[in-house]
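Bear in mind that the values here come from a model prediction, so they are computed numbers and not experimental data. A, B, ... follow the sequence lines: proteins, then strands. Residue 1 opens every chain.
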Number of protein chains: 2
Amino acid sequence: MAEDTGPGADGPTQPICAGAVRASLTRTVRTPLDRRRVLTAAIGYIDEHGLDALTMRRLGAHLGVEGMALYRHVTGREDLLDGVVELVIDALYGDPDVYLTPEYGWQDYLQRLAHGVRRMAIAHPEVFPLVATRPPAAPWVRPPLRSLRWLDSFLDALTSHGFSDEAAVAAYRAYTSFLLGHLLLEVSQRGVPISPLDDADADASPPADGRSLAEFPHVRRLAHLLAEDESATEFEESLENLLERLARMLRESERPGSPV
Amino acid sequence: MAEDTGPGADGPTQPICAGAVRASLTRTVRTPLDRRRVLTAAIGYIDEHGLDALTMRRLGAHLGVEGMALYRHVTGREDLLDGVVELVIDALYGDPDVYLTPEYGWQDYLQRLAHGVRRMAIAHPEVFPLVATRPPAAPWVRPPLRSLRWLDSFLDALTSHGFSDEAAVAAYRAYTSFLLGHLLLEVSQRGVPISPLDDADADASPPADGRSLAEFPHVRRLAHLLAEDESATEFEESLENLLERLARMLRESERPGSPV
DNA sequence: ACCTGAACACCGTTCAAGT
DNA sequence: ACCTGAACACCGTTCAAGT
């Protein structure tokens with residue numbers, strides 16, 4: 001609440017400035033909202049305060065407006081969240097480090113895209129669970145690449161480099177599963193308290209499932225390994241593994257009759 | 001259900017002897033709630049009506065009680081959801097098809113466990129997103145195997161079959177990522193309307209991102225492939241691939257100096 | 001010991017009214 | 001055209017009071 005009154009409270013609503021001086025040179029009157037501004041503000045608000053804190057009324061206040069005014073630009077809270085997810089995904093499409101015509105091969109394309117999605121997830125860790133779990137518009141548009149645009153681009157990149165239709169679709173499924181699993185775990189790991197038991201003396205504070213750590217000898221013994229954050233290398237290695245698997249799929253779909 | 005008092009969630013506080021055995025022959029009066037009954041009812045309610053419909057007041061009514069009465073058994077809605085997640089995960093531990101001592105090898109252990117988690121996800125598709133996204137108690141207890149118990153069991157199975165400590169931890173990370181990505185996508189696919197465009201005549205109804213399907217030629221062309229549900233075989237193949245990858249890790253950790 | 005009733009602060013959403 | 005104010009039904013949560 002403390003910082004909340006800051007941005008919007010210094011009052012465009014106040015009649016204090018003596019209506020007589022309503023000269024048009026004071027364009028302080030706040031440019032009208034539009035959907036994009038509402039969605040952008042929502043993303044910022046979620047990044048800063050967390051998803052649970054996002055409320056129509058609070059987002060309104062954050063924008064210097066009554067919460068009810070938002071209903072002019074989104075049909076409701078659900079639509080607001082859908083819009084947030086869509087915006088965050090489409091922003092990726094405009095990223096020049098991510099989207100170029102796949103002239104350097106499909107592996108380059110998949111690498112760039114994977115890293116772009118990862119950057120997005122890390123930049124908006126509170127938004128990513130939304131990207132992961134909002135019900136998709138259709139069962140074949142899979143998070144986190146939840147748009148027909150990305151799906152089409154993906155299929156284009158792969159089929160134009162020799163993948164059969166079936167292989168391209170299978171690749172899309174494997175690729176989305178990989179991204180979703182890794183990135184959801186990575187963002188959920190951040191924002192978790194650094195945990196007790198970075199060192200050995202931590203059998204106090206029963207970890208909320210009622211049993212002491214002493215009952216789990218392997219966990220205790222490997223605490224130092226478990227506490228390390230290997231997200232980045234883990235991501236690279238799994239991605240590498242996936243690309244190799246896809247390369248095998250490609251070879252098999254090119255030479256369907258080959259032995260073994 | 002079998003090992004009811006095991007985890008001790010409500011055990012030690014409640015000496016069952018209850019000194020005064022008061023004459024209660026009319027037990028028609030609704031046996032008093034306890035935490036487990038509340039959580040079980042919550043799971044059922046979510047399965048039936050969806051997560052958003054779960055409300056303290058409505059769950060209370062479902063149990064024949066005012067919503068406020070639930071606060072005697074859970075500290076609040078957050079605690080209720082945590083309890084739901086914990087219960088659903090621990091139920092797995094009692095499943096004889098899942099948990100046996102890993103005497104048939106680590107691959108058997110991982111296979112059984114993976115299929116057990118998948119059955120759970122499919123049985124409770126509305127609960128699984130909660131399992132996936134609730135903030136874990138510690139950063140090294142990763143969804144969907146979100147308990148020290150499972151983590152310890154996992155590490156035990158692998159290290160007792162030749163995995164080095166480092167390899168076992170890396171395996172835990174790869175395995176949880178795999179399960180989370182696949183199963184979250186699988187449950188999110190269910191409950192999505194069967195989508196327009198099962199056949200070719202579907203450029204009506206712009207798919208909510210404002211553009212017609214006609215703009216996405218690959219999607220349109222491959223609609224019949226995309227519409228297929230390959231979850232099961234996809235799961236098996238990815239699991240197989242993961243196990244092979246782990247087997248390579250095992251061989252490398254056994255012979256650390258071997259060439260290539 | 002366990003549950004109820006009333007109360008409080010806050011939601012999402014609608015809609016007539018303001019400017 | 002865009003926003004406000006008041007209103008409605010429903011939340012989560014607290015707590016004194018009932019039984």
Side-chain angles (χ1 to χ4, degrees), chain A residues 1 4-5 8-9 11-24 26-39 41-42 45-46 49-84, chain B residues 10 13-24 26-39 41-42 45-46 49-84:
Chain A
M1 155 178 291
D4 218 51
T5 48
T13 57
Q14 268 144 17
I16 282 194
C17 68
V21 215
R22 79 277 180 241
S24 62
T26 61
R27 280 294 72 177
T28 63
V29 272
R30 180 176 69 235
T31 117
L33 254 36
D34 59 13
R35 181 172 230 262
R36 186 174 201 94
R37 282 221 310 147
V38 171
L39 297 181
Y45 197 92
I46 295 171
H49 305 285
L51 178 58
D52 288 346
L54 182 73
T55 267
M56 299 301 279
R57 292 166 136 114
R58 293 210 271 240
L59 180 58
H62 188 68
L63 283 161
V65 114
E66 298 296 317
M68 302 75 193
L70 301 178
Y71 288 86
R72 194 149 288 272
H73 306 103
V74 295
T75 68
R77 189 172 196 264
E78 292 299 291
D79 184 45
L80 174 67
L81 297 181
D82 283 339
V84 161
Chain B
D10 39 277
T13 58
Q14 186 93 297
I16 205 115
C17 53
V21 187
R22 66 179 60 89
S24 56
T26 59
R27 281 295 72 174
T28 62
V29 271
R30 181 175 68 238
T31 118
L33 254 35
D34 60 12
R35 182 171 230 261
R36 187 174 199 94
R37 282 221 312 147
V38 170
L39 298 180
Y45 197 92
I46 296 172
H49 302 104
L51 178 58
D52 288 347
L54 182 73
T55 267
M56 298 302 280
R57 292 166 135 113
R58 292 209 273 241
L59 180 58
H62 188 69
L63 284 160
V65 116
E66 298 295 315
M68 302 73 193
L70 301 178
Y71 288 85
R72 194 148 286 272
H73 306 104
V74 294
T75 68
R77 189 173 196 263
E78 292 299 292
D79 183 45
L80 174 68
L81 297 182
D82 283 339
V84 161

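- Here D:dT4 presents its C1' atom at 14 Å from CG of A:Leu33, a figure rounded to the nearest Å.
- When the P atom of C:dT4 is taken as reference, atom CG of B:Leu63 falls 11 Å away, rounded to whole Å.
- Put simply, CG on B:Leu59 is 13 Å from P on C:dC3, counting in whole angstrom units.
- Taking the charged nitrogens against the carboxylate oxygens, B:Arg35 and B:Asp79 do have a contact shorter than 4.0 Å, which makes a salt bridge.
- If you check D:dC2, C:dC3, D:dT4 against the side chain of B:His73, the one that comes closest is C:dC3.
- Here A:Leu51 contributes atom CG and A:Ile46 contributes atom CD1; the two are 5.0 Å apart, rounded to the nearest 0.5 Å.
- Here the NE2-NE2 distance, from B:His62 to B:His49, works out to 7.0 Å after rounding to the nearest 0.5 Å.
- Base pairing of D:dT14: its partner is C:dA6, meeting the Watson-Crick or G-U wobble criterion (both donor-acceptor distances under 3.5 Å).
- A:Glu66 places its CD atom 6 Å from the C1' atom of D:dT4, with the value rounded to the nearest Å.
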Table of protein N/O atoms under 3.5 Å from nucleotides 11-15 of chain C N/O atoms:
residue : atom : partner : partner atom : Å
C:dC11  : OP1  : A:Arg58 : NH1          : 2.9
C:dC11  : O5'  : A:Thr55 : OG1          : 3.4
C:dG12  : OP1  : A:Met56 : N            : 3.4
C:dG12  : OP1  : A:Arg77 : NE           : 3.4
C:dG12  : OP2  : A:Met56 : N            : 3.0
C:dG12  : N7   : A:Arg57 : NH1          : 2.3
C:dG12  : O6   : A:Arg57 : NH1          : 3.1
C:dG12  : O6   : A:Arg57 : NH2          : 3.3
C:dT13  : OP2  : A:Tyr71 : OH           : 2.9
C:dT13  : OP2  : A:Arg77 : N            : 2.8
C:dT13  : O5'  : A:Tyr71 : OH           : 3.4

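- Summarising the base pairing, C:dT19 is matched to D:dA1 through a Watson-Crick or G-U wobble pair whose two defining distances lie under 3.5 Å.
- For the pair B:Leu80 and B:Thr75, the minimum side-chain heavy-atom distance is 4.5 Å or more.
- Within a 6.0 Å sphere centred on CZ of B:Arg58, other residues, nucleotides and ligands contribute more than 12 heavy atoms.
- Atom CZ of A:Arg37 sits about 4.5 Å away from atom OG1 of A:Thr31, to the nearest 0.5 Å.
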